[in-house]
Each structure stands twice: as structure tokens, then as C-alpha cells.
Amino acid sequence: MSNLSGIRYPWEKPPAEGEAIEVAEGVLWMRLPLPMALDHVNVYALDDGDSWTIVDTGFSSRRTRAIWEKLLAGPLGGKPVSRVIVTHHHPDHVGLAGWFQSEYGAILWTTRTAWLFARMLQLDEQAVPRQETLDFYLSAGMDQTIFGERKSERPFNFADVVYPMPLGFKRIKQDDVIRIGGRDWDVHMGNGHAPEHLTLWSRDDNLVISGDQVLPSISSNIGVYATEPEADPVADWLEACERLSEYAQSDQLVLGGHKLPFTGLPTRMRQLIDNHHGALDRLLAHLEEPRVAGDCFAPLFKRKIGKGEYGLALVEAIAHLNHLYHLGDVRRERREDGAWLWQKKE
Ligand SMILES: [Zn+2]
């Protein structure tokens with residue numbers, strides 16, 4: 001058992017590939033690999049008696065489908081999957097939802113925004129970045145070498161890691177109460193990491209399914225993209241964390257999208273909120289001098305950002321700058337090359 005300011009991890013190790021750990025009666029925790037720095041995603045299966053409900057699905061690849069087949073035949077005992085619940089639209093969560101729908105006849109339950117975003121991005125396949133994306137990178141003052149490479153490279157495409165999504169889903173919305181795995185769950189929407197991000201709170205025991213809205217030991221990425229360059233997801237994140245904190249209890253077992261299940265949710269919610277306030281304070285001090293977003297990593301991350309993390313760091317820097325801008329703490333002007341220069345207001 002580890003113990004860091006009230007946060008405890010009842011399982012020190014995750015399940016091995018193709019295996020499951022029963023974390024509560026009828027609730028299985030499983031893992032799928034991701035080919036990134038964050039190298040795994042957690043998925044769950046809840047026993048509905050004659051079938052399973054799956055929560056989140058992993059990237060779509062030949063390898064992850066093979067692991068799922070092993071899980072379905074092994075720990076899941078060959079019982080059908082009747083429902084797939086997706087917490088948010090990101091590809092590590094929605095990746096195989098369409099596969100469960102088309103190949104297993106499962107019904108997809110998720111939020112309307114998650115479904116629309118996932119399906120739009122799945123269909124929006126690009127061989128090279130769109131001009132809007134390149135303009136957005138320039139406005140962020142992206143490192144010139146990285147910009148030069150990205151300009152002509154195939155960008156990250158949902159279609160490469162998300163199985164085709166058929167029409168049809170069931171919408172889950174705020175204040176719904178849904179029955180899964182012999183429990184009634186309250187639905188509360190998260191926001192900021194992904195819009196209309198589902199979280200589930202059991203009425204019958206101490207389980208919380210949090211997706212990436214609440215993670216232990218790592219912070220969920222909060223990013224701004226060319227889709228909505230003026231967005232303020234940090235405000236959305238803080239609002240959601242404050243609102244969800246009302247339901248947090250220290251004995252709840254939190255089942256998140258990455259890392260280990262944990263207890264100590266009130267402490268973790270406080271940390272998630274405080275970490276961003278701390279980052280915003282450091283960023284504002286850094287803006288005594290005018291700077292572009294690409295020059296704002298040091299105060300936000302307090303460590304060297306490698307090439308593999310550059311993209312995520314950049315969208316996160318823009319998110320925090322946009323937040324200070326919407327608060328009225330900074331002003332911005334265009335540099336000759338199109339980059340926004342941000343500076344603290346006097
Ligand atoms: Zn995730």
C-alpha cells in the first residue's frame with residue numbers, strides 16, 4: 001500500500017496483458033497497451049448477469065483486438081458484450097467502440113458531444129495538416145524545426161486508431177441514473193480534458209468511474225486546438241473539478257482511465273485544482289516579458305519537454321494562456337510571423 005497525503009492504491013500492480021483483476025463484485029479491471037509515452041489505458045467490464053457492459057475500449061489495432069478476444073474468451077468467460085460505455089471521445093477510450101457495435105452487436109452509450117466529436121474526427125482523415133492547423137501552430141510560435149517537419153508529415157489521424165463508427169448510439173446526459181453491473185450510478189459531467197466527459201458514481205457502494213476527468217499521479221492534458229482556438233478549457237476543467245468535489249468521499253474506490261485505482265478522492269480533487277492555480281501563477285510571472293506559447297513550457301511543466309511530448313505541451317500552454325487572457329490578466333499582439341505574443345497586463 002502506498003500512501004501519499006491520503007491517496008492510497010489498493011493494488012500495487014496492474015493486471016497483466018489478457019488478464020483481469022476483480023476490483024469489486026462483478027467489476028473487472030483490465031489494461032490495453034498504447035504506443036505512446038503514456039503506454040496503457042484502463043478498461044472495465046461490469047457483470048450485467050447474462051451479458052457484460054464494457055467501459056472504454058483502447059486504441060483500435062490488430063494487437064488490441066487480439067487482446068480483447070483473449071479477454072472475452074478468458075476472464076469474461078465467453079459471455080456477450082451487450083453495451084459499451086465510452087467516457088469521452090479520445091481515441092484511447094473510443095477506439096474500439098465501433099468494433100463492439102459492428103462485430104458483437106453491442107449498443108454504444110455515451111454523451112452526445114463525445115459521440116459527435118469521435119465520429120467527426122474518425123471521418124476527417126488528412127494526409128497532411130490542414131492550413132487552419134498550420135496557421136494555428138504559427139500563432140502558437142511552434143518551434144521552427146518541428147513546424148518544418150509537421151508541415152509535410154501525415155498528422156495524427158483518428159482513423160488510424162479508431163475503428164469505423166456506425167450510426168446509432170444511446171445518449172447519456174447529466175443527472176441520468178443508469179443501472180450497470182447490479183448498481184445504480186449517478187451521471188455527472190466532467191469537462192476541460194474533453195467536453196461532456198462522463199463520470200459515474202455508484203449509489204449502491206463506493207465505486208466511482210472517472211475516465212480521465214480524475215486520474216491519480218498524472219495530470220490530464222488540457223488542450224486548445226485549431227477547432228476552437230479561443231476556447232478556455234482550463235475554466236471548464238476548474239468548474240468541473242469544483243462541482244465534482246462535492247460528491248467526493250475518501251473511501252470511494254476511483255476507477256480511472258490510466259494508472260492505478262485509488263482511494264482519497266477529496267485530496268486528489270484538491271490537488272487537481274491547486275496544481276492548475278499554481279501553474280497559472282507561475283505562467284503569469286513568466287509573462288513579465290512578452291512570450292509566445294512555445295516559450296511557456298518551463299513555468300507550466302517544470303521539466304524539459306522532449307520531442308514526443310511537444311505537441312501535448314504546446315496545446316496545454318495555449319490553454320493556460322487563453323485562460324489568463326479570458327480572465328483579463330494578459331494581453332496579446334501578433335508578432336510579424338503571425339505568432340501571438342502574450343504579456344502580463346500592468
Ligand atoms: Zn485517456
Side-chain angles (χ1 to χ4, degrees), residues 9 14-15 17 23 29-45 54-61 63-65 67-68 84-100 108-111 113-122 156-163 165 172 188-200 208-225 227 233-234 236-237 240-241 244 254-262 265 268-269 271-272 275-276 308-309 311-316 319:
Y9 302 99
E17 185 173 306
V23 290
W29 167 35
M30 298 157 292
R31 267 201 173 175
L32 295 164
L34 296 177
M36 310 178 309
L38 181 58
D39 64 0
H40 69 275
V41 60
N42 295 325
V43 297
Y44 303 92
I54 301 290
V55 176
D56 289 339
T57 66
F59 269 3
S60 178
S61 68
R63 181 171 171 211
T64 49
R65 288 193 297 273
I67 297 169
W68 264 120
V84 176
I85 293 179
V86 166
T87 56
H88 63 295
H89 78 269
H90 292 163
D92 45 334
H93 301 264
V94 76
L96 282 170
W99 182 68
F100 279 106
L108 171 60
W109 291 38
T110 191
T111 69
T113 309
W115 191 81
L116 291 171
F117 245 114
R119 196 159 191 282
M120 171 186 75
L121 292 169
Q122 209 280 334
F156 180 84
N157 271 284
F158 259 50
D160 297 342
V161 291
V162 175
Y163 200 84
M165 295 175 69
I172 300 178
H188 292 292
M189 288 306 158
N191 212 339
H193 172 66
E196 214 185 351
H197 179 310
L198 182 67
T199 65
L200 296 166
V208 178
I209 294 175
S210 65
D212 290 356
Q213 183 69 35
V214 183
L215 295 173
S217 69
I218 55 170
S219 57
S220 309
N221 181 256
I222 296 176
V224 169
Y225 299 86
T227 325
V234 172
D236 297 338
W237 174 262
C241 286
L244 296 178
V254 184
L255 308 173
H258 305 276
K259 302 288 177 180
L260 301 169
F262 70 97
L265 187 55
R268 187 57 186 152
M269 297 307 289
Q271 289 174 343
L272 292 178
N275 288 348
H276 284 283
E309 310 165 287
L312 285 175
L314 190 66
V315 296
E316 180 123 13

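In this chain, numbering begins with 1 at the start of the sequence shown. Order of appearance sets the numbers: ligands from 1, and atoms from 1 within every ligand.
Between the side chains of Asp56 and Thr87, at least one donor N or O sits under 3.5 Å from an acceptor N or O.
Atoms CH2 and CZ, from Trp68 and Arg63 in turn, are 15.0 Å apart once rounded to the nearest 0.5 Å. In this structure, Leu121 CG and Thr227 OG1 are separated by 7.0 Å, a value rounded to the nearest 0.5 Å. Rounding to the nearest 0.5 Å places CZ of Phe100 at 11.0 Å from CZ of Arg65.
Here the rule is side chain to side chain donor-acceptor pair (under 3.5 Å) with Thr113, and of His89, His197, Glu196 only Glu196 fits it.
Looking only at protein N/O/S atoms, the ones less than 2.8 Å from the Zn ion (ligand 1) make 4 in total.
Residues Met36 and Phe59 form a side-chain contact, since some pair of their non-hydrogen atoms from C-beta on lies under 4.5 Å apart.
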